[in-house]
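Note sheet for the following structure.
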Amino acid sequence: MSNRITALFNIKYPIIQGGMIWCSGWKLAAAVSNAGGLGVIGAGSMYPAVLEEHILKCKENTKHPFAVNLPMLYPAIEEHIATIIRLKVPIVFTSAGNPKIWTKHLKDHGIKVVHVVSSVKFALKAQEAGVDAIVAEGFEAGGHNGRDETTTLCLIPNIAKSIQVPFIAAGGIASGRGLLAALNLGADGVQMGSRFITSIESSAHINFKNKITSLNEGDTILTLKELTPVRLIKNEFFNHLDSAYQKGASEEDLQKLLGRGRAKKGMFEGDLVEGELEVGQISSLIDSILPVNEIIKEIIEEYHQAINEQNTPKYQF
Ligand SMILES: Cc1cc2nc3c(=O)[nH]c(=O)nc-3n(C[C@H](O)[C@H](O)[C@H](O)COP(=O)(O)O)c2cc1C
């Protein structure tokens, strides 16, 4: 069976692995694509030569479609775009920027373009810019996030009734039941980030993966709204931020405290104390580190189980 998202990307399951700085290189992307989803290389933490290597390795390791995620704030974006076009990457997920700038150029080169948004307003802008699909990401999601704090549960039905292009729900989805719920609310597919950080194939440091499997509700928070809002684990680094806020820190103070390279330090080098550890609220549900094919198998099995349960309603009027 196919739907608008599986048909658009030519994949088996409507499951997309979100592009993630420091976590989603070729190994993760190829594994997800081989397991029937869509793997996405996170270009936001890669120098141009590194991205080229990851695209080539991904092509060597999967015959299936894959994508590259391009945060548009990336300083050398022209170089990334040129590499993507030269190496004939079939799909690009743009995020954190204006979809009008690059969509036409990419599409003129035969590339499918998906843009990540956090509200109906931005979804309409992306649709107007000519994207093939959008990702609508709610407040629960790990990583950089919208300012409006719209949860996925509210975002999906609003997007469903407002836009015509296919759309993928993201934020707080890590299971087969989550997939079914998102589809029931009107999405055509889901994007999962946090769930795939704790795959064997993700390039996240093992300390970070282990930390995620131990998290409980309330262990993450959306912060740094004055700079770029980000959901992260409340660790020592967050405590420094919190004290700075209590002392009335300015934007400049926050920027200074954040410094450079904290995300790499935390997520890639495994410094759980001073690093920035980006992950979503749904981490409280994640308790295992598994190979990607087992994660996808679990999701699909749970999805089928949940569908069967729908035949016996929990409540009847
Ligand atoms: C560690 C981490 C890094 C991320 N990096 C990016 C990124 O570079 N570009 C992007 O568009 N989204 C990024 N995201 C968002 C994911 O692609 C995805 O949309 C999000 O994780 C979905 O929510 P979930 O974490 O609840 O599954 C990141 C998320 C995490 C957890």
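A donor-acceptor pair shorter than 3.5 Å can be found between the side chains of Ser250 and Asp253. Judged by distance alone, the side chains of Gln305 and Asn308 never bring a donor and an acceptor atom under 3.5 Å apart. For the residue pair Tyr74/Glu79, the side-chain donor-acceptor check at 3.5 Å is not satisfied. Counted by atom type alone, Thr152 and Glu140 present one or more donor-acceptor pairs between their side chains at under 3.5 Å.
Ring pair Trp22/Phe268 is tilted by interplanar angle, where 30° to 60° counts as tilted.
Using a 4.5 Å heavy-atom cutoff, the side chains of Val279 and Leu232 are not in contact. Side chains of Leu153 and Leu185 form a contact here, defined as non-hydrogen atoms less than 4.5 Å apart. Using a 4.5 Å heavy-atom cutoff, the side chains of Glu78 and Trp102 are in contact. Residues Val92 and Val114 have side chains not in contact (no heavy-atom distance under 4.5 Å, counting atoms from C-beta outward). Two residues are said to be in side-chain contact when any heavy atoms from C-beta on lie closer than 4.5 Å; Asn293 and Asn34 fail this criterion. Side-chain contact check for Ile299 versus Met192: some heavy-atom pair is nearer than 4.5 Å. Here the side chains of Pro14 and Asn3 are in contact, with some heavy-atom distance below 4.5 Å. Side-chain contact check for Phe196 versus Ile296: some heavy-atom pair is nearer than 4.5 Å.
Taking CG of Leu285 as the reference point, atom CD1 of Ile173 lies at 12.0 Å (rounded to 0.5 Å). To the nearest 0.5 Å, the span separating CD on Glu278 from CD1 on Ile233 amounts to 10.0 Å. Rounded to the nearest 0.5 angstrom, Trp26 CH2 and Glu201 CD are separated by 9.5 Å. Separation of atoms CD (Gln17) and OG (Ser202) is listed at 9.0 Å; rounding is to 0.5 Å. Remark: Ile16 CD1 to Ile5 CD1 distance equals 5.5 Å, nearest 0.5 Å. Between the CG atom of Leu106 and the CD1 atom of Ile101 there is a distance of 11.5 Å, given to the nearest 0.5 Å.
A continuous path of ILVMFWY side-chain contacts below 4.5 Å connects Tyr245 to Val230, so both sit in one hydrophobic cluster. Linking Ile, Leu, Val, Met, Phe, Trp and Tyr residues whenever their side-chain heavy atoms come within less than 4.5 Å places Met72 and Ile134 in a single cluster. Ile41 and Leu70 fall within the same hydrophobic cluster, defined by Ile, Leu, Val, Met, Phe, Trp and Tyr side-chain heavy atoms under 4.5 Å apart, directly or through other members.
For the pair Gly171 and Ala141, the tightest heavy-atom approach, listed with the atom from each and the gap, is CA-CB, 3.7 Å. Here the shortest heavy-atom pairing between Gln127 and Val165 reads OE1-N, 3.2 Å. Closest of all the heavy-atom pairs between Thr62 and Ser33 is OG1-CB, 3.9 Å. Taking all atoms of both residues into account, the shortest heavy-atom contact from Gly270 to Asn207 is O-ND2, 3.0 Å. Residues Lys112 and Asp132 share a closest heavy-atom pair of CA-OD2, 3.3 Å. The minimum heavy-atom distance linking Ile295 with Ser199 is given by the pair CD1-CB, 3.7 Å.
Side-chain atoms of Asn61 come within 3.5 Å of backbone atoms of Lys57 as a donor-acceptor pair (strictly under, hydrogens ignored). His115 places a side-chain N or O within donor-acceptor distance of the main-chain N or O of Thr94, the cut-off being under 3.5 Å. Checking side-chain atoms of His54 against main-chain N and O of Gly25 turns up no donor-acceptor pair under 3.5 Å. In this structure, Lys265 contributes its side chain and Arg260 its backbone to no donor-acceptor pair below 3.5 Å. Between the side chain of Asp219 and the backbone N or O of Asn216, at least one donor-acceptor pair lies under 3.5 Å. A donor-acceptor contact shorter than 3.5 Å is absent between the side chain of His109 and the backbone of Ile111. For Ser203 (side chain) and Cys23 (main-chain N/O), a donor-acceptor pair under 3.5 Å exists by modelled atom type. Formation of a donor-acceptor pair under 3.5 Å by the Thr103 side chain with backbone atoms of Lys100 is not found in this model. Of the possible donor and acceptor atoms, none in the side chain of Thr150 sits under 3.5 Å from a partner among the backbone N and O of Leu155. Lys27 contributes no side-chain N or O that, together with a main-chain N or O of Ile200, makes up a donor-acceptor pair within less than 3.5 Å.
More than 12 heavy atoms of other residues, nucleotides or ligands shown are found within 6.0 angstrom of NZ on Lys209. Residue Lys225 qualifies as enclosed at atom NZ: its count of foreign heavy atoms under 6.0 Å is above 12. Within 6.0 Å of NZ on Lys234 lie more than 12 heavy atoms contributed by other residues, nucleotides or ligands. The environment of Phe238 atom CZ is dense: over 12 non-hydrogen atoms of other residues, nucleotides or ligands sit within 6.0 angstrom. Tyr47 OH: 12 or fewer foreign heavy atoms inside a 6.0 Å radius. Within a 6.0 Å radius of NZ in Lys125, other residues, nucleotides and ligands contribute 12 heavy atoms or fewer.
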Inset, instruction - Please assess Glu274 against Arg262 for the test salt bridge (Lys or Arg N to Asp or Glu O under 4.0 Å), listing each intermediate value before the final yes or no. - result: CA-CA 7 Å; Glu274 291 297 337; Arg262 262 199 209 268; 3.4 Å; yes
Inset, instruction - Any chance you could lay out the side-chain contact (heavy atoms from CB on, under 4.5 Å) test for Glu276 and Met267, step after step, and finish with the verdict? - result: CA-CA 7 Å; Glu276 182 185 328; Met267 302 192 287; 5.9 Å; no
Legend entry - Step-by-step side-chain contact (heavy atoms from CB on, under 4.5 Å) determination, Ile286 to Ser194: CA-CA 8 Å; Ile286 300 170; Ser194 298; 4.0 Å; yes
Inset, instruction - Would you check, one step at a time, whether the test salt bridge (Lys or Arg N to Asp or Glu O under 4.0 Å) holds for Lys256 with Glu252? - result: CA-CA 6 Å; Lys256 213 161 147 196; Glu252 208 185 343; over 6 Å; no
Legend entry - side-chain contact (heavy atoms from CB on, under 4.5 Å) between Leu277 and Leu272, worked out: CA-CA 7 Å; Leu277 303 169; Leu272 300 181; 4.0 Å; yes
Inset, instruction - Please lay out, stage by stage, how Glu52 and Arg86 fare under the test salt bridge (Lys or Arg N to Asp or Glu O under 4.0 Å). - result: CA-CA 10 Å; Glu52 170 149 1; Arg86 180 164 46 83; 3.0 Å; yes
Legend entry - Audit row: Leu254, Leu224, side-chain contact (heavy atoms from CB on, under 4.5 Å) steps and yes/no: CA-CA 8 Å; Leu254 294 170; Leu224 287 175; 4.2 Å; yes
Legend entry - Check against side chain to side chain donor-acceptor pair (under 3.5 Å), Asn69 and Ser95: CA-CA 7 Å; Asn69 166 244; Ser95 55; 3.2 Å; yes
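For the pair Arg147 and Phe139, the cation-pi criterion (under 6.0 Å, within 45° of the ring axis) is not fulfilled.
Taking a cutoff of 4.0 Å between a charged side-chain nitrogen and a carboxylate oxygen, Glu309 and Arg177 qualify as a salt bridge.
With sequence neighbours excluded, the residues forming a side chain to side chain contact (heavy atoms under 4.5 Å, CB included) with Val89 are Ile55, Phe66, Val68, Ile84, listed by chain and number.
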